[in-house]
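Naming convention: chains lettered A, B, ... in sequence-line order (proteins, then strands); numbering from 1 in each chain.
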Number of protein chains: 2
Amino acid sequence: MKPVALMVGVLSRTVALSALLALGLTLHAQAQTDPLPSWNDGAAKQAIVNFVKDTTTQGSPKFVPPAERIATFDQDGTLWVEQPVYSFVMYALEQVPALVKAKPALAKTAPFSTVLEILKGDRAALAKLTMPDLEKVLAATYTNRSVDQFNAEVTKWIAEAKDPRWKKPYTELTYLPMQEVLKYLRANGFKTYIVTGGGQDFVRTYSEKVYGIPPEQVIGTAGVLKFSYAKDGKPYLFKEPKLLLNDNDAGKPEGIHLMIGRRPVMAAGNSTGDQQMLEYTKAGGGASLSLLVLHDDAKREYAYGPARGLPATKVGTFTQALYDEAKKQGWTVISMKDDWKKIFAFD
Amino acid sequence: MKPVALMVGVLSRTVALSALLALGLTLHAQAQTDPLPSWNDGAAKQAIVNFVKDTTTQGSPKFVPPAERIATFDQDGTLWVEQPVYSFVMYALEQVPALVKAKPALAKTAPFSTVLEILKGDRAALAKLTMPDLEKVLAATYTNRSVDQFNAEVTKWIAEAKDPRWKKPYTELTYLPMQEVLKYLRANGFKTYIVTGGGQDFVRTYSEKVYGIPPEQVIGTAGVLKFSYAKDGKPYLFKEPKLLLNDNDAGKPEGIHLMIGRRPVMAAGNSTGDQQMLEYTKAGGGASLSLLVLHDDAKREYAYGPARGLPATKVGTFTQALYDEAKKQGWTVISMKDDWKKIFAFD
C-alpha cells in the first residue's frame, strides 16, 4: 500500500498539518481549561471532577462504559429557581385569566377566583390554595386540549413571562454552575436527563434550548394521551385529564426505568422529592455520584430548608432528615453560598 | 503559529499519513458500497434510499435537522419472525413449567394446564387459549417480581430458547434487510427506536446486542412499577400486575409521545397494530416514510394476511383494509418475496 500512502500524503500534506495543528491546540486548550469555572474549589467541585475522571478513565476500577453513563437531574431548585412558586405552577396560574375570558362564570368559582386574587398581588391568597385546588387549576390548564395546542400555549408563555424578583424570563434563571456540570458530563460521554415533578410536555418545550437536553431526555409528570382523528381525518394526540405518571418521590426511579431502562450513575436533586432517585442511583453498586443542592444563599438566591437552621417552606422541602441521609449515604451536598462563585450567567 | 505547525507536522507526519489514508479509503469505500445489499432493486429499496437522501441533503426541500431524525420500528413481523407465536408470548408459555414446579397445583388449573398441553406439542390446545387466558399467563410470568429478577430470567431464556422451525435462537431470526435499514439510517444521523406491542422490559434485555438499539430507545407494553426497599434497606423496582401502557394500535403513537416527545419522520410496521403509528408519522406534514412489511414468502419465511389472497391468521393481521390504506396514503409496501434478496443473515 506504500505508493497509495505516498500519493495521499503528497496531495494532502497541507490539510494534514492543519488538521493536526488544530487537534493539538484543542487538546492543549482542553487540558488547561477548568470545566467548572463558576465553582469555588472545595469538596463538592472535587467530588464532581473526581467522579468524571474515575468513570471515564480506561482501566480505572470505577470505569463506566459510555452507554451506561446516564445522569439524571431534577429541575426546579436543582437546575433553576423554584421560589416563590415553581414555574410550571406559575404557568398554570397565569393561564387562568384566559380561561376566565373564555368562560366568565369561572371568575366567581373557586379555585379560579382565588387564583385571580393571587395574580392581583394578594400573596395571602396563595396560602389558601390547597393541593386539590392546585390540581384543579393544573388539570384546567394542562389537559383537555391537543398536545400541539398545549405546546403552542407554553411556548408563548415561556417567551414572555418574567420572574417577579429578577424581572427576567424564567429561562435565564438557570444556575450557571449546574449548566457547567451538564456540559462537562456531556463532553465526557454522559447522556444527561431531566427528571422533574413538573409537567413533562411543559419542560420539553424549552429543554433543548435552555439546557441542551432534547425532549426524549425529559422525564416528568405526564398525563394519559388519547390518539384521535380531527374532522379532516388528520390524527392528533389529545391530553386527557388523567394522571399517568406522578414523577415525584418513588415516581422518579419508576419513571427512570420506564423511560430509560437503565439505572443512572449520577443524579442531582434538592428536595425530598428527589430522595428515591438519589437512593436508586447509589444502590447500583458501582461508581455513582449523588448531588444535593442546598439553598443557603438568601442574598444571591434564596435560603430555605431546615439544614443550617433555615426555615422550611412549602416548596423545596430539603428537610433535616434528608440532610442527615445525605451525610449517612455519602451524597455530596452543594452549598450555593460557599460552592458557587456565580449563580446566574447574568451575575 | 508556523513553527508550532512545523514541529507538530514533523513529529506526527507518519501518524497523519496513516490516518488520512484510512480516512480516504473509508470514504471511498462508503461511496462505492450499497447500503442495502440484501434488497433487490425496486420501488421499495428506491423509496428508502430516496428518503434518506432527501432528508439528509442540506438545501433539499425535504431536509430534516439531525435532532428530528426519529425512526420507529415495530418488532414482531417487522424486524424478526412472529410466526407461529410471538417470541414474547413463547417466553411466557415456556416459563410455565417453572411456575408449576414452584406451585404444583397450577398443573391442574386452567390456563396453565392448557399451556402444558401446548408445550407437549398439542397445537390444537394453542387455539383453545383465549385472550384472557393469555393475559393470565403473561401476568404470571412478567409481573410480581423485581425488574432485576425478570431481566435475569429473560436473559437466560433468550440465550437458550430455539425457534421450532429453524432450530435457531430467536435472536438470529431477524430480517437482514431490515437490519441494513437500521444501520443505514443510523449512519445518516437517524435515531432508531423499537415500538413494540411486546413487553418493553423483555425486548430491552437484548435490543442493543441484536439491533444496536439501546434500552432507552425501546418503547413497549409496560406495567406499573413499584419502588420498594428490600430487607437490607436496598431499594429496588417491583413489577406490579397492572398494565400502564398497551403499546399496540393507538397506544403506539401515545407511547411515542410519552417516551420521545417528537413525531417520527419514518416508521415501519407489518400489521393493523402499527396503523396508527404509520398514520401519525405521515401526518407530520414534512418529509416522511411509512413502510409496511408484507409476509408473502411461504418458502423462505411465511405467507399470511389477506393481501395477495393469502389467508389471515391470528397473529400479524395485515388485513385487506390495511393494504388498501397503504396504497391510498402512499405508504411503501415491502414484499418479502420480491424485495428481499436474503431474509436472514444465515441464508
Tightest non-hydrogen contact, residues A:Ala67 and B:Glu208, listed as CB-OE2, 4.4 Å
Which atoms of B:Tyr193 come close to chain A, meaning under 4.5 Å heavy atom to heavy atom: side chain ones, backbone ones, both, or neither?
-> side chain
Whatever's closer than 4.5 Å to a heavy atom in chain B on A:Lys191 counts as side chain
For B:Glu254, is it the side chain, the backbone, both, or neither that has a heavy atom closer than 4.5 Å to a heavy atom of chain A?
-> both
Where does B:Asp249 contact chain A at under 4.5 Å (heavy atoms): side chain, backbone, both or neither?
-> neither
Compare every heavy atom of A:Arg262 with every heavy atom of B:Pro214, then report the nearest pair and how far apart it is.
-> CB-NH2, 3.4 Å
Partner of B:Ile260 by side chain to side chain contact (heavy atoms under 4.5 Å, CB included), out of A:Met259, A:Glu216, A:Gln217, A:Arg204 = A:Glu216
Proximal component of B:Tyr229, with respect to chain A [non-hydrogen, under 4.5 Å] | side chain
Rounded to the nearest 0.5 Å, how far apart are CG of A:Leu258 and CG of B:Leu244?
-> 6.0 Å
Measuring heavy-atom distances to chain A, does B:Ile219 have an atom under 4.5 Å in its side chain, in its backbone, in both, or in neither?
-> neither
Flag the one option from A:Gly255, A:Ala283, A:Ser228 with the top tally of heavy-atom pairs under 4.5 Å to chain B.
-> A:Ala283
May I have the step-by-step check of side-chain contact (heavy atoms from CB on, under 4.5 Å) for A:Arg263 and B:Asp148, ending in yes or no?
-> CA-CA 11 Å; A:Arg263 191 192 298 258; B:Asp148 289 344; 4.2 Å; yes
Under 4.5 Å to a heavy atom of chain B? For A:Gln276 that would be both
Chain A contact via B:Leu237 - which portion, at a heavy-atom distance below 4.5 Å = side chain
CZ on B:Phe227 to CD on A:Glu279, rounded to 0.5 Å | 5.0 Å
Out of B:Asp201, B:Asn151, B:Val224, B:Ile70, which one racks up the most heavy-atom pairs below 4.5 Å with chain A?
-> B:Asp201
Most contact-rich option vs chain B, by heavy-atom pairs under 4.5 angstrom, among A:Gly223, A:Pro253, A:Gly251, is A:Pro253
Toward chain B, the part of A:Ala222 with a non-hydrogen atom under 4.5 Å | side chain
Heavy-atom side-chain contact between A:Lys282 and B:Pro235 under 4.5 Å = no
Bottom line for B:Val147: the part with an atom under 4.5 Å from chain A's heavy atoms is side chain
